[in-house]
Amino acid sequence: MPSLNMIQALNSAIDTAMSADPNVLSFGQDTGYFGGVFRVTDGLQGKHGLTRSFDAPIAEAGIVATAIGMAVYGLRPCVEIQFADYIYPGYDQLVSEAAKIRYRSGGEFTTPITVRTPYGGGIYGGQTHSQSPESLFTHIAGLKTVVPSNPYDAKGMLLAAIADDDPVLFFEPKRIYNGPFDGWHDRPVRPWAGHELAEVPEGPYTVPLGQARTMRQGADLTVLAYGTMVWVSLAAAEEAGVDAEVIDLRSLVPLDIDAIVASVKKTGRCVVVHEAPRTSGYGAELSALVQERCFHHLEAPIQRVTGWDTPYPHAQEWDYFPGPKRVAEAMRRAMEG
Amino acid sequence: MPSLNMIQALNSAIDTAMSADPNVLSFGQDTGYFGGVFRVTDGLQGKHGLTRSFDAPIAEAGIVATAIGMAVYGLRPCVEIQFADYIYPGYDQLVSEAAKIRYRSGGEFTTPITVRTPYGGGIYGGQTHSQSPESLFTHIAGLKTVVPSNPYDAKGMLLAAIADDDPVLFFEPKRIYNGPFDGWHDRPVRPWAGHELAEVPEGPYTVPLGQARTMRQGADLTVLAYGTMVWVSLAAAEEAGVDAEVIDLRSLVPLDIDAIVASVKKTGRCVVVHEAPRTSGYGAELSALVQERCFHHLEAPIQRVTGWDTPYPHAQEWDYFPGPKRVAEAMRRAMEG
Amino acid sequence: MPDGSIPPQDRPNAPKLSLHIPEPAGRPGDAPDFSALPLSPAGAAPRPAVEAAPRDTHGLAYDLIRVLDETGQAVGPWNPRLDPDHLRRGLQAMILTRAFDDRMHRAHRQGKTSFYMKCTGEEAIAIAQAMVLTREDMTFPTYRQQGILIARGYPLATMMNQIYSNASDPILGRQLPIMYSSKEFGFFTISGNLGTQYPQAVGWAMASAYKGDDRIAAAYIGDGATAEGDFHNALTFAAVYRAPVILNIVNNQWAISTFSGMAGGGLTTFAAKGIAYGLPTLRVDGNDFLAVTAATQWAEQRARSNLGATVIEFVSYRAAQHSTSDDPSRYRPADEFDNFPLGDPIARLRRHLTGLGEWDDARQAAAEADAVEQVRAAGREAEAVGTLGQSRPSVKTMFEDVYAGDDWRIREQRQEVGV
Amino acid sequence: MPDGSIPPQDRPNAPKLSLHIPEPAGRPGDAPDFSALPLSPAGAAPRPAVEAAPRDTHGLAYDLIRVLDETGQAVGPWNPRLDPDHLRRGLQAMILTRAFDDRMHRAHRQGKTSFYMKCTGEEAIAIAQAMVLTREDMTFPTYRQQGILIARGYPLATMMNQIYSNASDPILGRQLPIMYSSKEFGFFTISGNLGTQYPQAVGWAMASAYKGDDRIAAAYIGDGATAEGDFHNALTFAAVYRAPVILNIVNNQWAISTFSGMAGGGLTTFAAKGIAYGLPTLRVDGNDFLAVTAATQWAEQRARSNLGATVIEFVSYRAAQHSTSDDPSRYRPADEFDNFPLGDPIARLRRHLTGLGEWDDARQAAAEADAVEQVRAAGREAEAVGTLGQSRPSVKTMFEDVYAGDDWRIREQRQEVGV
Ligand SMILES: Cc1ncc(C[n+]2csc(CCOP(=O)(O)OP(=O)(O)O)c2C)c(N)n1
Ligand SMILES: Cc1ncc(C[n+]2csc(CCOP(=O)(O)OP(=O)(O)O)c2C)c(N)n1
Ligand SMILES: [Mg+2]
Ligand SMILES: [Mg+2]
């Protein structure tokens, strides 16, 4: 099986979906001839033709809106928002329209769109190339929000998202496109090559949306993470010397609540990790759910390790980014608490 | 002291601010000659002139963006978004710009804008005249988000918001514009007239943003609510026969964390109430904060009473709206817990 | 590097700027004044070939395409030469639409529903268009195109069930009254959010072209809502990808209490918006059934011939209040509609048909009576199911259709309600 | 009501639609081809009075205002008749800007910073405009108007401090390199989000008018970003409220890898966008320092005389890569800039000044050497503070300026970091 990085895996997913279904098409800013600024759609125009993989005007609202119209017609558009930081102009179309069309039409019109977008920090991108806006979508009934953390899941989840009959926000943790960065930014970075989760089957397969993956079994505490933070959390468990159970949520909505509850009931302690600012981040929802469902099992307060409640800085990137030290610190607090 | 309803109190606040400071102006859709679809800006154009209270094109993004530009110049615009359900086109300007201009310019440029918008359900408005999107703003560092629950606070908080040097989202619970609706929708509705919180001083005064108000002292449990839900919670306490301490948060960001923690440490139980859908609503953040800070004082899981994770319906309004029965039910659960 | 500019202290005589706030020609108490509205005599506007280059149509953004003259005769190059049957069906649909509006407006006053919006004075636009397009073409309407459903023969009782949010409401009481949805009738689910449907229509049309289909889309937007960013997105994408869509702008002079000048209407025409995108543009008398038909046929042919989108401004007037929540006597002269230079679309088509000898007062009276009776019969049917609050879809349905499949949160919440 | 339309089965010969995807004239390996770019000879475009009605300027949306002819002479009604001193200062600022860009681009390759963006080929636009406007006027630039700061004499070392995110960065390392901000120099904080500044500039200008001030605003947007809804909002509000603002569109033919046709550039001009709003429009040779100056003066006078906004499209070419993250050889012909019909703004102004006898090769060489030396000196100063990672503002500052006052969350988080 070939070893692919996340970019190649995502490319393979779109290619596979387009090959299997003529109703799948891809567009976005610079995604056509050039293949996208991160090269995720590289080669698709050449292979599938101009009308199936093309460039779009710089109008995120227009991209989402036309994708909705196409989906209403019967297509399955997979569009790219160049950076998640630029998704906000399309927010109204996603929240007021894509999320509600099935409901408000009594199920008659549906919007199976997939909106892919690179998100997260760690690339010295400053405040407009580093944001993690996922929680803003989890609040919206009718939308699904997913985040793969490795090449295998990236392909399988993207194929599941494209096949899904509901609108899916597909957040790609750009910091781990090329390797499972664990937050130790001054150590050499591993590439995906050779990693077992980089073994990506060539053909079609799906990773169902709504199923978490336990990345590390553990007895001491449960870590809930997604995207880059999965790798940071694994590094942190090592750093802290804690026998952590690290759960990669993979899908925020739908959430694998059973996996979470089972783990926390087992460990009695929980740390939630994300890059987005703390206040009203998805960690708040996770914390609320865990305390609602595992209250009598909890031996310590649930800890949140998150980005700060400030915009994302440039020079102080590594003081903002929740790295293994901060996660390890929270693990220790959870063990004491 | 005159007894004002919330609309009159808000009108008085803008009038007072405009009278005191020539840099304050008001605009929005239908807010000029007509005085706004809810009449909040009634009479201001006649009194202060065409250039100080005027209509705007139907472009929420344009309204927010031009307000930002005016604020950068040195004015203090107070703009209206006709319904909070229509704020999303302006979301990018609020999140990417208003919230970040002070930070990204090293404090050189600032955006003291106030964005007023009627929100919430209970008026048979269907899915696009009933939404409660407040939590989507609380996630954004740099924005303040406040919600008054009565005429006195409405005026004092709006004056504080206009005077505030940061962008403030000012959510007006439209269901209680005319009276403190407590969620018993089949009982006669009281008007504000005669209510002690409807005694609104004529001149300037402010209610500082960031200070909660304890609406009812109680020993059994703490209710955290805002907007219409304050009145629903008070009715629910009666219904449940529980000695609840009902805290009107008034301001979500900045949050009066000390008041919350003190109360929960005293009661050991907590119910959080809002109209917005549950997942990633502001109740999640409140729940997370309370369990982080009061873990060892909590005797039962924190309960969330919220709108459902569906769009806001029309026919089933009263099955969606969190009324006193549901809040009372949660209080009982919290007491058993 | 030196700064080459003149500092303010060196230009003490610079004029002081002042902020301009546009105002309508009249307010309550004033006489109606439409002198700022550019008009053309019937028959005067040229008709370019359907294959014309967009730029060659741009003069038409400032003219007004009209077919019916003052005497009710059809004149000029845009005369669609419709057969009398088509005209009669159009007139009947307009009469029926008006009767429906009147009835439902009353139903709101009687407490049978929470909300209603009429399209009085604007009936010709939706109805003439619906009669040019096929039911397979998809329309993306606003709340003022109920005429499409009525022209296409959608059951009036079903419309009322939606308005009453009763147990037979096809959209299960989920939306505000009048937010119809019917895939079968080529009527896209109406959104409460202004403008959002406009670029969606472009996407739908792109999809039709992508699939080698022959169906086209038609989208509607009000004068006020053209200010939304979605309007711009729609026109950009339609032009760039040559989408087979008709982009209609219904300029009824008002957006709630705000006159069309606040959307830029006083500075140029709404049709001129199309020029910015290199799209062909037509400005049409929206109260002239024949002109609406002719312009729509022209745009439809362009779209079906792969020549892409057309922008059409229909000039009309919102004769009634914005909605049942509104009171126009507070912000505009009372008798504007009576003085509107383009008149009433029903009266004008009636006069035309009468002039042709294809209609008379008796037929008019019969058509009106028939419309009232149709509406009454539908009303009986819908009210037998129930009006707002008396009857409604089961509470369980509130928890359905959020997603295609099951969602544990919603399941648990439904169980909490006990349904 | 019957449906009057022809169902698809009755029109079996209807043509199949197909989706149109625009493509640029050339890709890597192709010869550059600018034949689709509408040009006018220098001196040909008429110059309307500053007081002209907007509609009388609309022809200029399709012409190209040019002053410098092929031989470098200034011709025609738009000749601004600048004194040689002004021209020399402009040329020097352009040379300095180019030298600065080259140096910082190298600094990125040397790992001194994370990112850089050049404005090579587009220097005339920002610099000529900055020299017409005063420092009190507020500019709302994109990342390609560094020329404004340089023309206004902003310290180069301070620009570098920002680029290096070092301890002397005036915006405290908070933004990506080149996202300058300077209130004192009338340079609004650059946003990474395209288009957002455009309607903000309109709001600023409205505020200036509201206060009876005499300052105006100037906003910049790229060809690609005109597709954003914010562009539409800006033009609507500017037109409706007659805001004293110059709305510049810098059409440099490319938006990263996407040619301007994807924003509608192939269908009409970008200047024509202004027609939609009834705004006056000019289309200008952006590589002609004199034409840029003349057009800016015209728009500035309109704005200062309370006549409102002007839309100006500057036709230019993005000679360098989009940014240091980009490689244009992957998507466009390699030698497009060499074949760009409007040439290089520095070469053209140099030729003009030389023709006037006000410049020569020696002065050119001296100016270039001086520019390099200024940049080098600034580089020494900035690097003495430190390059990216070597030096930075204190971590404490990361927690400041989120709000005007204290916020307990941020205070606690700062304490958690221990700063
Ligand atoms: C995004 C959005 N903003 C505001 C509103 C509130 N609103 C409803 S109708 C209306 C006026 C629309 O005017 P116009 O577009 O001219 O259409 P008309 O009602 O005249 O048919 C407004 C402001 C809305 N529904 N959606
Ligand atoms: C809202 C938003 N969408 C997308 C981007 C990513 N992006 C950065 S520059 C750019 C191209 C801009 O092209 P243009 O407007 O022509 O300006 P130019 O770079 O040519 O000066 C894109 C798509 C962004 N910064 N902001
Ligand atoms: Mg209107
Ligand atoms: Mg460009």
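Chain A is the first sequence line, chain B the second, and so forth, proteins listed ahead of strands; every chain is numbered from 1.
Interatomic distance, Thr310(B) OG1 to Tyr103(A) OH, rounded to the nearest 0.5 Å: 4.0 Å. Note that CZ of Arg278(A) and CG of Leu289(B) are 9.0 Å apart. Values are rounded to the nearest 0.5 Å. Considering CZ of Phe137(A) and OG of Ser280(B), their distance stands at 12.0 Å, rounded to 0.5 Å. Atoms CD1 and OG, from Ile302(A) and Ser287(B) in turn, are 7.5 Å apart once rounded to the nearest 0.5 Å. Taken to the nearest 0.5 Å, the CG atom of Asp92(B) stands 11.5 Å off from the CG atom of Asp92(A). Atom OG1 of Thr128(A) is separated from atom NZ of Lys100(B) by 9.5 Å, given to the nearest 0.5 angstrom.
Ionic pairing of Glu292(A) and Arg333(B) is not present here: no N-O contact between side-chain nitrogen and carboxylate oxygen is shorter than 4.0 angstrom.
For Tyr88(A), the parts lying near chain B are the backbone and the side chain together; criterion is any non-hydrogen pair under 4.5 Å. Looking at His314(A), there are no atoms closer than 4.5 Å to chain B (heavy atoms on both sides), in backbone or side chain. In this structure, chain B has a heavy atom under 4.5 Å from the side chain of Gln131(A), while its backbone stays farther away. In this structure, the portion of Ala300(A) lying under 4.5 Å from any heavy atom of chain B is its backbone and not its side chain. Proximity to chain B (any heavy atom under 4.5 Å) is shown, for Arg104(A), by both the backbone and the side chain. Contacts of Ser135(B) with chain A are made by both backbone and side-chain atoms, with heavy-atom separations under 4.5 Å. Proximity to chain B involves both the backbone and the side chain of Thr279(A), based on heavy atoms less than 4.5 angstrom apart. Looking at Ile140(A), the atoms closer than 4.5 Å to chain B (heavy atoms on both sides) all sit in the side chain, from C-beta outward.
Of the possible donor and acceptor atoms, none in the side chain of Gln291(A) sits under 3.5 Å from a partner among the backbone N and O of Gln291(B).
Across every non-hydrogen atom of His139(B) and Ser132(A), the tightest pair is NE2-O, 4.2 Å.
Put simply, of Asp309(B), Thr138(B), Leu252(B), the one with the most heavy-atom pairs under 4.5 Å next to chain A is Thr138(B). Between chain A and the options Cys294(B), Ala284(B), Gly90(B), Ala99(B), heavy-atom pairs under 4.5 Å are most frequent for Ala284(B). Each of Pro313(A), Pro301(A), Ala61(A) has some count of heavy-atom pairs under 4.5 Å with chain B, and the biggest count is that of Pro301(A). Most heavy-atom pairs under 4.5 Å with chain B, from the set Ala141(A), Ala288(A), Pro311(A): that is Pro311(A).
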> Where do Tyr91(A) and Leu136(B) land on the side-chain contact (heavy atoms from CB on, under 4.5 Å) test, with the steps shown first?
Replying inline: CA-CA 11 Å; Tyr91(A) 195 65; Leu136(B) 302 170; 3.1 Å; yes

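Applying the salt bridge (Lys or Arg N to Asp or Glu O under 4.0 Å) test to residues at least two apart or on different chains, the pairs with a partner in residues 259-276 of chain A are Glu245(A)-Lys266(A), Arg269(A)-Glu299(A).
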